[in-house]
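Single-structure report; data block below.
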Amino acid sequence: MNDTVHVNPLFSSLQQLLVEHPSVLHFSWTQGQTLGSSPLFLTFTVASYLSLTLFLFHNPIFSVAPSLLRRITAFHNFILIIISLIMAVGGTLSIFTQAPSLHYIICFPTNTPPKGPLFFWSYMFYLSKIYEYADTLLIIMSKSIKRLSFLHVYHHATVVIMCYVGLHTAQSSFPLVLVTNCLVHVFMYWYYLLCSLGLRPKWKRLVTDCQILQFMASFVMMAWMFYSHFTGSGCSGIWGSCFSAAFISTLLVLFVDFHSKSYSAKIKGN
Ligand SMILES: CC(C)(COP(=O)(O)OP(=O)(O)OC[C@H]1O[C@@H](n2cnc3c(N)ncnc32)[C@H](O)[C@@H]1OP(=O)(O)O)[C@@H](O)C(=O)NCCC(=O)NCCSC(=O)CC(=O)O
């Protein structure tokens with residue numbers, strides 16, 4: 001399997017850095033030992049996010065000059081584009097080099113330990129979702145408080161729980177969800193970067209379409225996983241997948257609603 005991937009020098013260097021580096025190769029999610037792996041950490045993080053958001057929503061104590069805030073926001077979006085790109089490449093290479101087949105990645109054998117490159121990138125994904133809390137802070141600091149939607153806060157709070165559960169249960173198909181989400185996020189943060197630079201890209205709707213498509217793709221992966229689980233010898237992380245399926249369903253409903261409110265009205269207005 002590895003013989004086929006040493007063809008291209010760039011591919012080979014990326015593989016050495018993003019898959020075969022000792023910290024990636026020997027990564028292990030150890031409950032209570034790995035940073036962020038305890039239920040207490042998760043509860044504290046999500047509760048702090050929600051209470052701080054609520055507090056700052058009612059008491060906007062920050063005052064940053066708009067030009068400085070625009071630069072900070074642009075930098076933040078740039079960082080997220082780079083991080084998402086690295087995770088997408090790292091996750092893809094890990095899938096190609098570590099998974100013996102597509103079916104394996106959809107349905108890990110039961111009792112698969114959350115170890116190695118596939119779970120290293122899942123862990124990075126989890127940490128990046130905590131960093132994304134800064135989006136909310138930037139919206140609050142921008143004083144466009146009405147932009148702080150239920151969808152935004154619900155998504156940011158719950159996606160961290162989904163990642164934690166995914167790692168904790170060594171959830172099948174999680175690396176595929178990670179790669180699709182990171183690819184969409186490169187596009188999404190590119191949109192936000194341009195917005196923070198004062199541009200208004202005409203392809204906003206395309207970003208939302210891609211997000212909806214990504215949720216639908218996740219359903220297809222999970223349907224395949226559930227089918228494999230119940231007709232075969234079982235898949236790892238079935239409870240994590242149930243949680244993800246429920247969370248992604250709610251996101252799909254919220255995003256379809258966002259889509260119809262944001263774009264259908266404009267069509268009628270034209
Ligand atoms: C096209 C979308 C990506 C964004 O829609 P919005 O209505 O939020 O977009 P908008 O046109 O109002 O955004 C432009 C405004 O965002 C500001 N802005 C810049 N960077 C930002 C950032 N990192 N986070 C939040 N807002 C940001 C700009 O300065 C600008 O402010 P100003 O107007 O003041 O100049 C959409 O599809 C979407 O996701 N809507 C849900 C809202 C949301 O929070 N999405 C991200 C998390 S959900 C997610 O991430 C799902 C997933 O996993 O795919």
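All figures in this text were calculated on a predicted structure; none of them were measured in a lab. Every number for a ligand or one of its atoms is a count from 1 in the order of the listing. What's counted below: heavy atoms across the whole structure, side chains too, no hydrogens, waters or symmetry copies.
A chain of hydrophobic side-chain contacts below 4.5 Å, direct or via other Ile, Leu, Val, Met, Phe, Trp or Tyr residues, connects F11 to L85. In the hydrophobic cluster analysis, where Ile, Leu, Val, Met, Phe, Trp and Tyr join through side-chain heavy atoms closer than 4.5 angstrom, Y123 is grouped together with L118.
For W121 and Y126, the ring centers sit 6.0 Å or farther from each other. Aromatic ring centres of H76 and Y131: separated by under 6.0 Å. For F119 and F27, the ring centers sit 6.0 Å or farther from each other. The distance between the ring centers of F108 and Y104 falls below 6.0 angstrom.
The H152 neighbourhood of ligand 1 comprises atoms 43 (C), 44 (O), with distances under 4.0 Å to a heavy atom of that residue. Atoms of ligand 1 lying under 4.0 Å from any heavy atom of V207, numbered from 1 in the order shown and given with element: 3 (C). Close contacts of ligand 1 with M188, meaning ligand atoms under 4.0 Å from a residue heavy atom, involve 3 (C), 46 (C), 50 (O). Close approach of ligand 1 to D135 is summarised as follows: ligand atoms under 4.0 Å from at least one heavy atom of the residue are 22 (C), 23 (N), 24 (N). The ligand atoms of ligand 1 that sit less than 4.0 angstrom from a heavy atom of Y189 are 23 (N). For ligand 1 and T73, the ligand atoms under 4.0 Å from any heavy atom of the residue are 19 (C), 20 (N). Applying the 4.0 Å criterion to heavy atoms of N181 picks out, from ligand 1, the atoms 52 (C), 53 (O), 54 (O).
For atom 28 (C) of ligand 1, the closest heavy atom belonging to the protein is C195 CB, 3.7 Å. For atom 23 (N) of ligand 1, the nearest non-hydrogen atom of the protein is N77 OD1, 2.8 Å. Scanning the protein heavy atoms around atom 34 (O) of ligand 1, the nearest turns out to be S144 OG, 3.5 Å. The protein heavy atom nearest to atom 39 (O) of ligand 1 is Q211 NE2, 3.1 Å. Scanning the protein heavy atoms around atom 41 (C) of ligand 1, the nearest turns out to be L151 CD2, 3.8 Å.
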- Message: Before you tell me yes or no, could you show the steps for Y192 and T73 under side chain to side chain donor-acceptor pair (under 3.5 Å), namely the whole-Å CA-CA distance, both residues' side-chain angles and the distance that decides it to 0.1 Å?
- Response: CA-CA 9 Å; Y192 276 137; T73 309; over 6 Å; no
- Task: Could you walk me through whether S233 and T110 pass side-chain contact (heavy atoms from CB on, under 4.5 Å), step by step?
- Result: CA-CA 8 Å; S233 49; T110 44; over 6 Å; no
- Query: Going through the distances and angles, do S244 and Q171 end up as a side chain to side chain donor-acceptor pair (under 3.5 Å)?
  - Reply: CA-CA 10 Å; S244 293; Q171 187 187 323; 3.1 Å; yes
- Item | Worked verdict on Y49 versus T136 for side chain to side chain donor-acceptor pair (under 3.5 Å) | CA-CA 9 Å; Y49 168 71; T136 313; 2.8 Å; yes
- Verify side chain to side chain donor-acceptor pair (under 3.5 Å) between T208 and Y263, making sure each step is shown before the conclusion. CA-CA 10 Å; T208 313; Y263 309 115; 2.6 Å; yes
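Within the 4.0 Å heavy-atom criterion, neither part of L80 lies near ligand 1. The side chain of I139, and not its backbone, has at least one atom closer than 4.0 Å to an atom of ligand 1 (non-hydrogen atoms only; side chain from C-beta on).
For H185, the heavy-atom gap to ligand 1 drops under 4.0 angstrom. Residue contact annotation: L138 has no non-hydrogen atom under 4.0 Å from ligand 1. At least one heavy atom of R200 sits under 4.0 Å from some atom of ligand 1. Ligand 1 has at least one atom lying under 4.0 Å from a heavy atom of Q214.
Remark: ligand 1 and T208 share an N or O pair separated by less than 3.5 Å (distance only, no angle test).
Evaluated by nearest non-hydrogen atom to atom 43 (C) of ligand 1, the leading choice among Y191, Y192, F258 is Y192. Atom 7 (O) of ligand 1 has its nearest heavy-atom neighbour, among H156, H155, K204, R147, in K204.
Taking CE of M188 as the start and SG of C182 as the end, the distance is 11.0 Å to the nearest 0.5 Å.
Tested against W29 for a ring pair (Phe, Tyr, Trp, His ring centres under 6.0 Å), the candidates F174, Y164, F120 yield a single pass: Y164.
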